[in-house]
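Accompanying notes for the structure given below.
Each chain gets a letter, A, B and so on, in the order the sequences are listed, and its residues count up from 1.
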Amino acid sequence: MEESIAKLMQRKAGPDTVVVKGWLRTKRDSKTISFLEVNDGSSLKGIQVVVDKGTFNNPGIIDQLSTGCSVVCTGKIVESMGGSQSVELAADSVEIVGECPSDTYPLQKKRHSLEYLREIAHLRPRTNTIGAVARVRNCMAYAVHTFFQQNGFYYVNTPLITASDCEGAGAMFQVTTLDLNKVPHTADGAVDYSKDFFGKRASLTVSGQLEGETYAMALKNIYTFGPTFRAENSVTKRHLAEFWMIEPEMAFCNLDGDRAVVESFLKFVFGAVLRDCPDDLEFFDKLVEPGLIAKLQHVVDTPFAHLEYTDAIAELEKAKVQFDFKPYWGCDLQTEHERYLSETVCHGPVAVTDYPKEIKSFYMKANEDGKTVAAMDVLVPRLGEIVGGSEREYRYDVLVDKMKALGMREEDYWWYLDLRRFGSVPHAGFGLGFERAVMYATGMQNIRDVIPYPRAVGSAEF
RNA sequence: UCCCCUGUAGCUCAGUCGGUAGAGCAGGUGGCUGUUAACCACCCUGUCGGCGGUUCAAGUCCGUCCGGGGGAGCCA
C-alpha cells in the first residue's frame, strides 16, 4: 500500500526518495521556482511540492500543469521555508498522468456555492468542503460499527425489498416487474399482483426495525445499518428519498436501558470524529458552523438529561418565550420546542420519554397510565430531535388490540405477532438517520451535501 | 401539496424611475515575488432561464412554463 499524503506530511525531513500521487489544487509560479499543492483526499490540506526550475530536468512540464490535473511527483521530504507547513516535497520529477483543461474544468480555485456543486456531484468530492464531509462520514460509519461490535451487538442485514408496510412510516416506492403499459387486472378490476415478480405487491423498505426485532429475539443485541427509502413528496434540506439508517434492537431491555445505549452510542460516535478528524472539524468550525467543536465536545462531556413528556410540556407552558406553536399536552413537539428543551431547559442533550400514545407508532409499549407509551426522543442543541426510539409492545393481546384499533390487518403482520407468541421478552431500540448525524457533526445545513449522490423528488441525476 | 424568494459572463453577484448590460474571481498575455485562495497591469467573455403579452422602447412591468433555494406539513 502506498503512503498517503496525510502520512507523508507527518514525516520528518529525510534522504529517502518518496512518491506523491494526487490531483493538483493550485500552482503558484515564479521565474525560478514553482509551488504545487497536491491533494489525494487523505487530508484537507495537500502537500506542497516545490520545483526548482534551475535544477529540474523537465521545466517545460510546469507550464502544462493546471488545476485538477493528476500528477505523480517524486522527490525528498524537506523542511519547509514557508510558514504554512512544516515539511514539503522537493521534487526531482513531476509527471502528468491525466491533464485537465482549465477552460472547461468546472471547478476553480475559489469558493463555489453548494448549490452549484450539487450540479457537478461527480466532481465535488475534490473540493475542500465535500472532501471533508466524506472523511467525517467515513469516520462516523466506522465508529457506528466499532461501537456496536465492541458492545456485543450483531450486524444484521434486513431486506431492502419488503412486502410489509412497517408502521406506515411513510410513502413507499413500489417495486415491480409488471409492464406498466399492460398491467394485468383481476376480475374485479384491481391490479393482479399475483402476476408480479414476487406474486404480491412489494416495495422498498422504510425501516428494518420489524425484521431487526426478529433477530434481537434470537441474538439478543443487534443493529442494522443500511439504506432506507421514503417516497414522501417533500423537498426540504432535511429529507432524502434514499438515506441510511441505524437501528439497534436489544432484547431484555426496557426504555431506561434504551436511553443508556443511545447516550453512550452518540458520545462514542461524536467522540470518534473529535479524535480522528480534527483538521476537518476545524475547517467546519471556521467556515461552516462557528462553535461546532464546542457543541460536539459538549455532547460528549455532558450527561444526558431526562424529561418525561408531561414535564416537558409543563416546562414549555411556563416558558417566557413566544412559540409559533403553542404547546399543550397531547401535541407533538415542534422543532422550536425541542430546541428550547435542549438549549434553555437542559443546557445539553435531553431524552424526552413517555409521549401520548396518539402521536406515536403502534408497536410502542403502552404505559400503565393508559395515556402514554414508552417512547423516547433524544433532543440536542441546535438541531432538535436526533434519535427516536421506544420500548416495544411485547404483550400479544395488547399489541393485537392496538392494531385492530388502527385498522391494521393481523394477517399482514403474522410473523411479527409470532414474536409475541413464542418466547416474547421486553425489548427496545432506536433509529438514527445517519445523514442527520453527519449534518450535526459537520454543521452542514443541507442533507444533500452530506451524502454523495442525493436522491429526492424529481432529482436522481448521476 | 401549499406559501415565499430566486434565475444576468465559466463561477459569485450588482443593475435605481422601463431607455439595447457591469464588478470581482476564473481564463489569456506580460511582469514580479519562498509562494500559501500569491500579487500587479492589460485583454477576452453575454440567446439577461424558455415562451407569450403590455410599450415607441423590457434584464426591469404582466401572464405562463421550467430550474434552483428557503419555509410549512411529515418525518429519520
Side-chain angles (χ1 to χ4, degrees), chain A residues 25-37 45-53 63 66-68 78-85 88 90 100-120 123 127-129 166-171 205-209 224-247 287 324-325 332-336 338 359-361 377-378 383-389 430-440 445-451 456-459 461:
Chain A
R25 282 290 178 83
T26 179
K27 174 179 70 167
R28 293 178 289 271
D29 254 335
S30 74
K31 195 172 285 176
T32 59
I33 201 163
S34 201
F35 301 96
L36 317 178
E37 188 182 331
K45 199 162 166 46
I47 192 167
Q48 175 158 277
V49 175
V50 184
V51 178
D52 185 334
K53 291 179 179 169
D63 292 335
S66 62
T67 296
V78 298
E79 278 183 35
S80 178
M81 295 159 72
S84 302
Q85 59 279 319
E88 61 195 19
C100 186
S102 55
D103 53 342
T104 50
Y105 185 51
L107 287 173
Q108 297 173 7
K109 298 189 294 188
K110 54 168 284 195
R111 253 177 121 164
H112 291 287
S113 69
L114 292 167
E115 292 81 7
Y116 172 66
L117 293 177
R118 272 171 225 152
E119 295 169 11
I120 48 167
L123 298 173
T127 64
N128 285 338
T129 303
C166 168
E167 62 180 291
T205 185
V206 293
S207 166
Q209 183 199 313
T224 71
F225 184 9
T228 307
F229 308 89
R230 302 277 165 92
E232 221 73 59
N233 186 22
S234 60
V235 191
T236 82
K237 59 181 184 177
R238 293 170 66 182
H239 290 87
L240 288 170
E242 175 184 296
F243 64 100
W244 287 62
M245 194 149 64
I246 297 148
E247 294 182 291
L287 293 170
D324 289 340
F325 289 87
D332 212 350
L333 297 181
Q334 302 289 324
T335 300
E336 56 177 344
E338 295 173 341
I359 59 174
K360 291 293 180 181
S361 296
D377 283 352
V378 176
L383 180 72
E385 179 187 341
I386 190 168
V387 169
F430 61 85
L432 169 71
F434 187 51
E435 284 74 21
R436 295 263 177 95
V438 178
M439 287 171 77
Y440 194 69
Q445 292 294 304
N446 193 309
I447 198 166
R448 296 172 199 203
D449 299 323
V450 299
I451 188 168
V457 191
S459 159
E461 190 63 51

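- Taken from CD in A:Glu79 to CD in A:Glu88, the straight-line distance is 10.0 Å, to the nearest 0.5 Å.
- Going from the C1' atom of B:U6 to that of B:G49 covers 11 Å, rounded to whole Å.
- Comparing the C1' positions of B:A41 and B:G53 gives an interatomic distance of 48 Å, to the nearest angstrom.
- Which of B:C75, B:U36, B:G34 sits closest to the side chain of A:Phe35 comes down to B:G34.
- Rounding to whole angstrom units, OH of residue A:Tyr116 and P of B:G7 are separated by 18 Å.
- If you check every strand for non-hydrogen atoms under 4.0 Å, A:Asn446 touches sugar and phosphate atoms only.
- Interface remark: the A:Gln108 side chain does not form any donor-acceptor pair with the B:G27 base, using a distance-only criterion of under 3.5 Å.
- Distance, A:Phe243 CZ to B:A76 P: 7 Å, rounded to whole Å.
- In the set B:G34, B:A38, B:C74, B:C74 carries the atom at the smallest distance from any side-chain atom of A:His239.
- When the nucleotides B:U12, B:C75, B:A76 are ranked by their closest atom to the side chain of A:Ile447, B:A76 comes out on top.
- With a cut-off of 3.5 Å on both pairing distances, B:A21 has no Watson-Crick or G-U wobble partner at all.
- OP1 or OP2 of B:U36 has not a single side-chain nitrogen or oxygen of A:Arg25 nearer than 4.0 Å.
- Distance check on atom C1': B:C17 versus B:U55 gives 16 Å, rounded to whole Å.
- Between the P atom of B:G69 and the CZ atom of A:Arg238 lies a distance of 17 Å, rounded to the nearest Å.
- Donor-acceptor pairing under 3.5 Å, judged by distance alone, is present between the side chain of A:Gln85 and the base of B:U35.
- Base pairing of B:U60: no nucleotide in any strand meets the Watson-Crick or G-U wobble criterion (both distances under 3.5 Å).
- A:Ser80 comes within 4.0 angstrom of a base, heavy atoms only.
- Pairing of B:G67, defined by two Watson-Crick or G-U wobble distances under 3.5 Å, is identified with B:U6.
- One cannot find a donor-acceptor pair under 3.5 Å joining the base of B:U36 and the side-chain atoms of A:Glu37.
- Taking 4.0 angstrom as the limit, A:Asn128 places none of its side-chain polar atoms (N or O) nearer than this to OP1 or OP2 of B:A37.
- Picking from B:G71, B:A72, B:G69 the nucleotide with the shortest atom distance to the side chain of A:Phe325 gives B:A72.
- Note: A:Phe430 CZ to A:Glu247 CD = 10.0 Å, rounded to the nearest 0.5 Å.
- Of the candidates B:A76, B:G73, B:U35, the closest approach to any side-chain atom of A:Gln334 belongs to B:G73.
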(message) Is there a side chain to side chain contact (heavy atoms under 4.5 Å, CB included) between A:His239 and A:Ile447? Walk through the geometry before answering.
(response) CA-CA 7 Å; A:His239 290 87; A:Ile447 198 166; 5.8 Å; no

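- Between B:A57 and B:U64, the distance separating the two P atoms is 23 Å to the nearest Å.
- Distance alone, capped at 3.5 Å, is enough to place a donor-acceptor pair between the A:Arg436 side chain and the A:Arg238 backbone.
- Rounding to whole angstrom units, NZ of residue A:Lys27 and C1' of B:C39 are separated by 16 Å.
- In this structure, A:Thr67 contributes its side chain and A:Gln108 its backbone to no donor-acceptor pair below 3.5 Å.
- In terms of position on RNA chain B, the residue among A:Glu435 and A:Ser113 whose nearest nucleotide sits closer to the 5' end is A:Ser113.
- To the nearest 0.5 angstrom, A:Asn128 atom CG is 5.0 Å from A:Arg25 atom CZ.
- Taking only side-chain nitrogens and oxygens, A:Lys237 comes nearer than 4.0 Å to OP1 or OP2 of B:G71.
- To the nearest 0.5 angstrom, A:Gln48 atom CD is 4.0 Å from A:Gln85 atom CD.
- No donor-acceptor pair closer than 3.5 Å links the side chain of A:Arg230 to the backbone N or O of A:Leu240.
- Comparing B:C13 with B:G70, their P atoms sit 13 Å apart, to the nearest whole Å.
- Nearest nucleotide to the A:Glu115 side chain, out of B:G69, B:G70, B:G34: B:G69.
- Residue-to-nucleotide proximity on RNA chain B shows that, of A:Pro106 and A:Asp29, the 5′-proximal contact is made by A:Pro106.
- Rounded to an integer number of Å, the gap from A:Asp449 CG to B:G69 C1' is 12 Å.
- Relative to the side chain of A:Arg118, the nucleotides B:G70, B:G69, B:U36 differ in distance, and B:G69 lies closest.
- Contact annotation: A:Arg28 does not reach the phosphate of B:A37 (side-chain N/O to OP1 or OP2, under 4.0 Å).
- Within the 4.0 angstrom heavy-atom criterion, base atoms lie near A:Thr236.
- Rounded to the nearest Å, the gap between the C1' atom of B:G68 and that of B:C11 is 15 Å.
- In this structure, CZ of A:Arg230 is placed 20 Å from P of B:U1, rounded to the nearest angstrom.
- Across all strands shown, A:Glu119 has no heavy atoms under 4.0 Å from either base or sugar-phosphate atoms.
- Backbone-only contact: A:Met245 has heavy atoms under 4.0 Å from sugar-phosphate atoms and none from a base.
- Nucleic acid contact class of A:Leu107 (heavy atoms, under 4.0 Å, all strands): none.
- Nucleotides B:C3 and B:G28 place their C1' atoms 47 Å apart, quoted to the nearest Å.
- Between the P atoms of B:U45 and B:C5, the separation comes to 36 Å (whole Å).
- What separates OH of A:Tyr440 from C1' of B:A76 is a distance of 16 Å, to the nearest Å.
- Nearest nucleotide to the side chain of A:Thr26, out of B:A38, B:G71, B:G34: B:A38.
- Remark: the A:Arg436 side chain and the B:C75 base include a donor-acceptor N/O pair separated by less than 3.5 Å.
- The partner of B:C39 is B:G31, judged by Watson-Crick or G-U wobble contacts that both fall below 3.5 Å.
- Partner assigned to B:A72 is B:U1, using Watson-Crick or G-U wobble distances below 3.5 angstrom.
- In this structure, the side chain of A:Glu385 does not engage the main chain of A:Thr335 through any donor-acceptor pair within 3.5 Å.
- The interatomic distance linking A:His112 (NE2) with B:G10 (C1') rounds to 9 Å, in whole Å.
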